[in-house]
> 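What follows is a structure written as C-alpha coordinates; I'll ask about it next.
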Amino acid sequence: MKKQKKPDVAKLLGITDDLMFQNVMKDPVNCRMFLHEVLPDLDIQGLTVRTQERIAFNKEEKFSVLDVLIKDSQGRRYDIEMQVAPQKDLDKRARYYMYKMMEDGFLHQGEEYGELTAVYVIFILPFDPKGKGLKRYTFTYSAREDTSVELNDESEIIYLNSKGKKGSVSQGLEDFYSLMEGKNTTNSEFIKRIKKTMDNYRKTEEWSEHVMNTEQIKEMALEEGRREATASAISKTVKMLKRMNKNNEQILQELSQDYSDDFSDGELEEFLK
(Lines give C-alpha, C1' and ligand atoms only; values in the text may rest on other atoms or scores of the structure.)
Protein backbone atom coordinates (compact mmCIF):
# COMPACT_ATOMS: atom_id res chain seq x y z
CA MET A 1 0.00 0.00 0.00
CA LYS A 2 1.30 3.44 -0.92
CA LYS A 3 2.30 5.43 2.14
CA GLN A 4 0.05 8.43 2.62
CA LYS A 5 1.83 11.77 2.41
CA LYS A 6 1.86 13.71 5.65
CA PRO A 7 -0.06 16.98 5.48
CA ASP A 8 1.89 20.23 5.56
CA VAL A 9 0.96 21.67 8.96
CA ALA A 10 2.24 25.13 7.99
CA LYS A 11 -0.29 25.28 5.16
CA LEU A 12 -3.11 23.81 7.22
CA LEU A 13 -2.79 26.45 9.95
CA GLY A 14 -4.77 29.44 8.71
CA ILE A 15 -6.80 32.31 10.10
CA THR A 16 -8.58 30.01 12.61
CA ASP A 17 -5.27 29.23 14.34
CA ASP A 18 -5.14 31.17 17.64
CA LEU A 19 -1.71 32.68 17.09
CA MET A 20 -2.37 33.59 13.46
CA PHE A 21 -5.73 35.16 14.29
CA GLN A 22 -4.26 37.27 17.10
CA ASN A 23 -1.40 38.48 14.91
CA VAL A 24 -3.81 39.46 12.15
CA MET A 25 -6.14 41.26 14.52
CA LYS A 26 -3.55 43.07 16.62
CA ASP A 27 -3.09 45.33 13.60
CA PRO A 28 -5.56 48.22 14.22
CA VAL A 29 -6.19 48.67 10.49
CA ASN A 30 -7.11 45.01 10.06
CA CYS A 31 -9.33 45.28 13.12
CA ARG A 32 -11.09 48.41 11.88
CA MET A 33 -11.70 46.86 8.46
CA PHE A 34 -13.08 43.69 10.04
CA LEU A 35 -15.37 45.61 12.39
CA HIS A 36 -16.61 47.71 9.47
CA GLU A 37 -17.71 44.50 7.74
CA VAL A 38 -19.52 43.35 10.89
CA LEU A 39 -20.91 46.72 12.01
CA PRO A 40 -21.05 48.90 8.87
CA ASP A 41 -23.35 51.51 10.43
CA LEU A 42 -20.76 52.53 13.02
CA ASP A 43 -18.05 55.10 12.37
CA ILE A 44 -15.20 53.18 13.98
CA GLN A 45 -11.96 55.14 14.35
CA GLY A 46 -8.95 55.46 16.65
CA LEU A 47 -8.66 51.88 17.82
CA THR A 48 -6.49 50.55 20.61
CA VAL A 49 -6.07 46.78 20.36
CA ARG A 50 -4.91 44.28 22.98
CA THR A 51 -4.67 40.53 22.42
CA GLN A 52 -4.95 37.77 25.02
CA GLU A 53 -6.17 40.33 27.52
CA ARG A 54 -6.85 39.01 31.01
CA ILE A 55 -9.87 40.61 32.66
CA ALA A 56 -10.49 40.33 36.40
CA PHE A 57 -11.14 43.05 38.93
CA ASN A 58 -10.47 41.19 42.16
CA LYS A 59 -8.80 37.99 43.34
CA GLU A 60 -12.04 36.16 44.08
CA GLU A 61 -13.73 36.38 40.70
CA LYS A 62 -13.17 34.12 37.70
CA PHE A 63 -10.80 35.80 35.26
CA SER A 64 -11.33 35.76 31.51
CA VAL A 65 -8.79 35.90 28.70
CA LEU A 66 -10.16 37.71 25.67
CA ASP A 67 -8.70 36.94 22.23
CA VAL A 68 -8.90 40.51 20.95
CA LEU A 69 -10.08 43.44 23.09
CA ILE A 70 -10.63 46.71 21.25
CA LYS A 71 -11.60 50.23 22.27
CA ASP A 72 -12.43 52.97 19.79
CA SER A 73 -12.18 56.76 20.01
CA GLN A 74 -15.77 57.00 21.28
CA GLY A 75 -15.08 54.58 24.14
CA ARG A 76 -17.02 51.68 22.63
CA ARG A 77 -15.54 48.26 23.43
CA TYR A 78 -15.35 45.20 21.21
CA ASP A 79 -14.33 41.64 21.99
CA ILE A 80 -13.54 39.39 19.00
CA GLU A 81 -13.22 35.67 19.72
CA MET A 82 -12.20 32.90 17.32
CA GLN A 83 -13.89 29.76 18.70
CA VAL A 84 -13.00 26.75 16.54
CA ALA A 85 -14.74 23.99 18.52
CA PRO A 86 -18.22 23.88 20.07
CA GLN A 87 -18.25 24.33 23.84
CA LYS A 88 -21.09 24.12 26.29
CA ASP A 89 -22.53 27.31 27.75
CA LEU A 90 -21.37 29.47 24.83
CA ASP A 91 -24.23 31.93 25.43
CA LYS A 92 -23.35 32.39 29.10
CA ARG A 93 -19.69 32.74 28.24
CA ALA A 94 -20.55 35.51 25.77
CA ARG A 95 -22.71 37.19 28.42
CA TYR A 96 -19.86 36.98 30.95
CA TYR A 97 -17.44 38.60 28.51
CA MET A 98 -19.97 41.35 27.82
CA TYR A 99 -20.51 42.08 31.51
CA LYS A 100 -16.77 42.16 32.19
CA MET A 101 -16.28 44.73 29.44
CA MET A 102 -19.23 46.73 30.77
CA GLU A 103 -17.65 46.66 34.22
CA ASP A 104 -14.43 47.95 32.66
CA GLY A 105 -16.37 50.92 31.29
CA PHE A 106 -17.98 52.07 34.55
CA LEU A 107 -19.19 55.63 35.03
CA HIS A 108 -17.35 58.18 37.17
CA GLN A 109 -19.02 60.53 39.62
CA GLY A 110 -20.91 63.24 37.81
CA GLU A 111 -21.35 61.25 34.60
CA GLU A 112 -24.83 60.51 33.25
CA TYR A 113 -26.17 57.06 32.38
CA GLY A 114 -26.48 58.19 28.78
CA GLU A 115 -22.69 58.33 28.65
CA LEU A 116 -22.42 54.56 28.97
CA THR A 117 -20.76 53.26 25.84
CA ALA A 118 -21.80 50.28 23.75
CA VAL A 119 -20.19 46.85 24.09
CA TYR A 120 -20.00 44.27 21.30
CA VAL A 121 -19.04 40.62 21.80
CA ILE A 122 -18.29 38.93 18.48
CA PHE A 123 -17.69 35.19 18.23
CA ILE A 124 -16.33 33.86 14.91
CA LEU A 125 -17.39 30.23 14.58
CA PRO A 126 -16.65 27.51 11.99
CA PHE A 127 -19.79 25.74 13.21
CA ASP A 128 -23.47 26.61 13.57
CA PRO A 129 -24.12 27.53 17.25
CA LYS A 130 -27.90 27.47 16.95
CA GLY A 131 -28.55 24.95 14.17
CA LYS A 132 -30.67 27.32 12.09
CA GLY A 133 -28.23 27.69 9.19
CA LEU A 134 -27.87 31.47 9.55
CA LYS A 135 -24.66 33.16 8.46
CA ARG A 136 -25.02 35.56 11.36
CA TYR A 137 -26.89 35.62 14.66
CA THR A 138 -27.25 39.07 16.28
CA PHE A 139 -28.63 39.15 19.81
CA THR A 140 -30.06 42.22 21.55
CA TYR A 141 -32.54 42.61 24.38
CA SER A 142 -36.17 42.76 23.28
CA ALA A 143 -39.59 42.45 24.93
CA ARG A 144 -40.84 38.87 25.00
CA GLU A 145 -44.37 40.20 24.54
CA ASP A 146 -43.38 42.10 21.37
CA THR A 147 -39.95 41.36 19.93
CA SER A 148 -40.06 44.54 17.83
CA VAL A 149 -39.63 46.48 21.10
CA GLU A 150 -35.92 46.55 21.95
CA LEU A 151 -34.05 47.65 25.04
CA ASN A 152 -31.88 50.44 23.70
CA ASP A 153 -28.63 49.80 25.55
CA GLU A 154 -26.69 49.72 22.22
CA SER A 155 -24.85 46.49 23.06
CA GLU A 156 -24.90 43.28 21.05
CA ILE A 157 -23.69 39.69 21.09
CA ILE A 158 -22.94 38.48 17.57
CA TYR A 159 -22.22 34.95 16.38
CA LEU A 160 -20.65 34.77 12.91
CA ASN A 161 -21.17 31.31 11.40
CA SER A 162 -18.87 30.42 8.48
CA LYS A 163 -20.96 27.30 7.81
CA GLY A 164 -24.17 29.30 7.38
CA LYS A 165 -26.20 29.23 4.18
CA LYS A 166 -29.14 31.46 5.13
CA GLY A 167 -29.33 35.22 5.44
CA SER A 168 -26.89 37.75 4.08
CA VAL A 169 -23.63 39.25 5.25
CA SER A 170 -21.26 41.70 3.58
CA GLN A 171 -18.97 40.54 0.79
CA GLY A 172 -16.05 41.12 3.14
CA LEU A 173 -17.51 38.68 5.67
CA GLU A 174 -18.27 36.19 2.89
CA ASP A 175 -14.59 36.39 1.96
CA PHE A 176 -13.53 35.98 5.58
CA TYR A 177 -15.71 32.88 5.86
CA SER A 178 -14.16 31.51 2.66
CA LEU A 179 -10.70 32.17 4.12
CA MET A 180 -11.67 30.21 7.23
CA GLU A 181 -12.97 27.33 5.09
CA GLY A 182 -9.95 27.28 2.74
CA LYS A 183 -12.01 28.42 -0.25
CA ASN A 184 -11.36 31.01 -2.94
CA THR A 185 -12.00 34.67 -2.11
CA THR A 186 -12.43 37.90 -4.03
CA ASN A 187 -9.53 40.30 -4.31
CA SER A 188 -11.00 43.06 -2.14
CA GLU A 189 -8.72 45.43 -0.23
CA PHE A 190 -9.93 43.97 3.05
CA ILE A 191 -9.10 40.37 2.24
CA LYS A 192 -5.85 41.28 0.44
CA ARG A 193 -4.64 43.02 3.59
CA ILE A 194 -5.59 40.06 5.77
CA LYS A 195 -3.74 37.66 3.47
CA LYS A 196 -0.69 39.91 3.31
CA THR A 197 -0.52 40.08 7.10
CA MET A 198 -0.77 36.29 7.25
CA ASP A 199 1.97 35.82 4.63
CA ASN A 200 4.29 38.23 6.44
CA TYR A 201 3.74 36.48 9.76
CA ARG A 202 4.46 33.09 8.20
CA LYS A 203 8.02 34.35 7.54
CA THR A 204 8.75 34.96 11.23
CA GLU A 205 10.70 32.76 13.62
CA GLU A 206 7.76 32.79 16.06
CA TRP A 207 5.53 31.20 13.42
CA SER A 208 8.14 28.58 12.55
CA GLU A 209 8.40 27.58 16.20
CA HIS A 210 4.61 27.49 16.49
CA VAL A 211 4.33 25.22 13.45
CA MET A 212 7.03 22.91 14.80
CA ASN A 213 5.29 22.66 18.17
CA THR A 214 1.95 22.02 16.48
CA GLU A 215 3.48 19.26 14.36
CA GLN A 216 4.89 17.63 17.49
CA ILE A 217 1.51 17.82 19.23
CA LYS A 218 -0.24 16.30 16.22
CA GLU A 219 2.34 13.53 16.02
CA MET A 220 1.87 12.80 19.74
CA ALA A 221 -1.91 12.70 19.28
CA LEU A 222 -1.60 10.37 16.30
CA GLU A 223 0.78 8.10 18.20
CA GLU A 224 -1.53 8.03 21.21
CA GLY A 225 -4.46 7.20 18.97
CA ARG A 226 -2.50 4.42 17.31
CA ARG A 227 -1.51 2.93 20.68
CA GLU A 228 -5.13 3.03 21.86
CA ALA A 229 -6.25 1.20 18.71
CA THR A 230 -3.48 -1.36 19.17
CA ALA A 231 -4.38 -1.83 22.83
CA SER A 232 -7.97 -2.52 21.82
CA ALA A 233 -6.76 -5.12 19.31
CA ILE A 234 -4.58 -6.78 21.99
CA SER A 235 -7.51 -7.00 24.41
CA LYS A 236 -9.60 -8.73 21.76
CA THR A 237 -6.73 -11.10 20.95
CA VAL A 238 -6.32 -12.04 24.63
CA LYS A 239 -10.04 -12.83 24.94
CA MET A 240 -9.92 -14.98 21.81
CA LEU A 241 -6.84 -16.91 22.97
CA LYS A 242 -8.38 -17.49 26.41
CA ARG A 243 -11.48 -18.93 24.74
CA MET A 244 -9.08 -21.29 22.94
CA ASN A 245 -7.85 -22.40 26.39
CA LYS A 246 -4.37 -20.93 25.95
CA ASN A 247 -2.53 -20.34 29.22
CA ASN A 248 -0.98 -16.98 30.14
CA GLU A 249 2.52 -18.05 29.10
CA GLN A 250 1.30 -19.08 25.66
CA ILE A 251 -0.75 -15.88 25.26
CA LEU A 252 2.18 -13.69 26.30
CA GLN A 253 4.38 -15.44 23.75
CA GLU A 254 1.80 -14.74 21.03
CA LEU A 255 1.52 -11.10 22.06
CA SER A 256 5.31 -10.62 22.16
CA GLN A 257 5.62 -11.86 18.60
CA ASP A 258 3.07 -9.36 17.30
CA TYR A 259 3.27 -6.34 19.58
CA SER A 260 6.75 -6.18 21.14
CA ASP A 261 7.62 -3.14 19.01
CA ASP A 262 4.82 -1.13 20.60
CA PHE A 263 4.57 -2.49 24.15
CA SER A 264 7.08 -3.77 26.70
CA ASP A 265 6.76 -7.25 28.28
CA GLY A 266 5.46 -5.64 31.45
CA GLU A 267 2.80 -3.73 29.55
CA LEU A 268 1.74 -6.85 27.66
CA GLU A 269 1.43 -8.75 30.94
CA GLU A 270 -1.09 -6.17 32.13
CA PHE A 271 -3.46 -7.27 29.36
CA LEU A 272 -3.61 -10.73 30.93
CA LYS A 273 -5.07 -9.46 34.23
Side-chain angles (χ1 to χ4, degrees), residues 25 28 31-50 53 55 57 61-62 64 66-83 86-177 180 190:
M25 287 299 172
C31 254
R32 184 180 62 79
M33 295 177 80
F34 176 80
L35 289 173
H36 176 72
E37 299 296 337
V38 180
L39 300 161
D41 296 333
L42 298 185
D43 179 23
I44 300 173
Q45 303 292 338
L47 301 186
T48 57
V49 182
R50 304 196 298 271
E53 184 70 12
I55 291 185
F57 295 101
E61 71 179 73
K62 177 181 176 64
S64 300
L66 306 185
D67 282 355
V68 186
L69 178 61
I70 307 156
K71 184 178 179 181
D72 70 13
S73 58
Q74 296 185 43
R76 294 173 297 206
R77 289 168 172 78
Y78 313 81
D79 168 37
I80 307 176
E81 300 286 323
M82 178 66 76
Q83 179 67 52
Q87 290 187 355
K88 67 177 183 178
D89 299 328
L90 181 65
D91 294 346
K92 290 185 177 180
R93 180 179 170 195
R95 186 188 74 178
Y96 192 76
Y97 287 3
M98 173 174 277
Y99 286 176
K100 296 313 295 180
M101 288 197 295
M102 286 179 173
E103 192 174 1
D104 190 37
F106 64 86
L107 293 173
H108 294 88
Q109 287 187 2
E111 293 180 329
E112 300 293 332
Y113 290 116
E115 297 177 64
L116 281 173
T117 53
V119 169
Y120 299 89
V121 175
I122 303 167
F123 274 74
I124 308 170
L125 310 168
F127 59 89
D128 190 335
K130 296 299 178 181
K132 298 296 183 180
L134 296 177
K135 297 178 179 180
R136 169 179 177 146
Y137 299 87
T138 303
F139 300 97
T140 58
Y141 291 110
S142 62
R144 180 174 295 176
E145 296 77 7
D146 183 345
T147 55
S148 68
V149 180
E150 292 189 351
L151 194 66
N152 188 28
D153 74 337
E154 301 179 337
S155 296
E156 298 178 2
I157 292 174
I158 301 169
Y159 293 161
L160 300 176
N161 171 27
S162 68
K163 294 289 195 297
K165 303 297 182 184
K166 300 177 183 177
S168 61
V169 294
S170 68
Q171 183 58 56
L173 271 185
E174 290 281 12
D175 280 333
F176 196 86
Y177 288 171
M180 291 171 62
F190 167 60

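Side-chain atoms are counted along with the backbone in the values below, which use heavy atoms only and exclude waters and symmetry mates.
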> Using salt bridge (Lys or Arg N to Asp or Glu O under 4.0 Å) as the criterion, list what pairs up with Lys135, not counting sequence neighbours.
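Lys135: salt bridge (Lys or Arg N to Asp or Glu O under 4.0 Å) contacts with Glu174.
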> To check you understand the geometry: which heavy-atom pair defines the closest contact between Glu81 and Leu66, and what is its length?
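Heavy atoms only, the tightest pair is OE2-CA, 3.2 Å.
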> Go through the structure and list residues passing side chain to side chain contact (heavy atoms under 4.5 Å, CB included) with Arg136, not counting sequence neighbours.
Val38, Leu39, Thr138, Glu156, Ile158, Leu160, Val169
> If a pair satisfies salt bridge (Lys or Arg N to Asp or Glu O under 4.0 Å) and one of its residues is in residues 143-152, list it, with sequence neighbours excluded.
none
> Would you please name every residue forming a side-chain hydrogen bond (donor to acceptor under 3.5 Å, both in side chains) with Asp72, sequence neighbours left out?
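Asp72: side-chain hydrogen bond (donor to acceptor under 3.5 Å, both in side chains) contacts with Arg76, Tyr78.
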> Is the NZ atom of Lys71 crowded by more than 12 outside heavy atoms at less than 6.0 Å?
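Open.
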> Can you tell me how far OG1 of Thr140 sits from CG of Asn152, rounded to the nearest 0.5 angstrom?
9.5 Å
> How long is the straight-line distance from CG of Asp89 back to OH of Tyr96, given to the nearest 0.5 Å?
13.5 Å
> Might you point out which heavy atoms bring Gly75 and Thr117 nearest each other, and give the distance in Å?
O-OG1, 3.0 Å
> For residues Met25 and Val68, report the shortest heavy-atom separation together with the two atoms involved.
CB-CG2, 3.7 Å
> Could I get the full list of side-chain hydrogen bond (donor to acceptor under 3.5 Å, both in side chains) partners for Ser162, not counting sequence neighbours?
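For Ser162 the side-chain hydrogen bond (donor to acceptor under 3.5 Å, both in side chains) partners, ignoring immediate neighbours, are Glu181.
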> Restricting to side chain to side chain contact (heavy atoms under 4.5 Å, CB included), what partner residues turn up for Asp43, sequence neighbours left out?
Gln45
> State, with a plain yes or no, whether a side-chain heavy atom of Leu47 is found less than 4.5 Å away from one of Leu35.
yes
> Roughly how far, to the nearest 0.5 Å, is the CD1 atom of Ile70 from the CZ atom of Arg50?
10.5 Å
> For Gln87, check side chain to side chain contact (heavy atoms under 4.5 Å, CB included) against everything at least two apart and list the hits.
Gln83, Arg93
> Once you measure the plane-to-plane angle for Phe190 and Phe34, does it fall in the parallel (<30°), tilted (30-60°) or perpendicular (>60°) bin?
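Phe190 vs Phe34 ring planes: tilted.
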> Under 3.5 Å, side-chain donor or acceptor atoms of residues 119-134 against the rest of the protein: list the pairs with distances, not counting sequence neighbours.
unit_1: Tyr120; atom_1: OH; unit_2: Glu154; atom_2: O; d: 3.4
unit_1: Asp128; atom_1: OD1; unit_2: Lys130; atom_2: N; d: 3.1
unit_1: Asp128; atom_1: OD1; unit_2: Gly131; atom_2: N; d: 2.8
unit_1: Asp128; atom_1: OD1; unit_2: Tyr137; atom_2: OH; d: 2.8
unit_1: Asp128; atom_1: OD2; unit_2: Lys132; atom_2: N; d: 3.4
unit_1: Asp128; atom_1: OD2; unit_2: Gly133; atom_2: N; d: 2.6
unit_1: Asp128; atom_1: OD2; unit_2: Tyr137; atom_2: OH; d: 3.4
unit_1: Lys130; atom_1: NZ; unit_2: Asp91; atom_2: OD1; d: 3.2
unit_1: Lys130; atom_1: NZ; unit_2: Asp91; atom_2: OD2; d: 2.5

> Could you pull out all residues at least two apart from Ser170 that satisfy side-chain hydrogen bond (donor to acceptor under 3.5 Å, both in side chains)?
Glu37
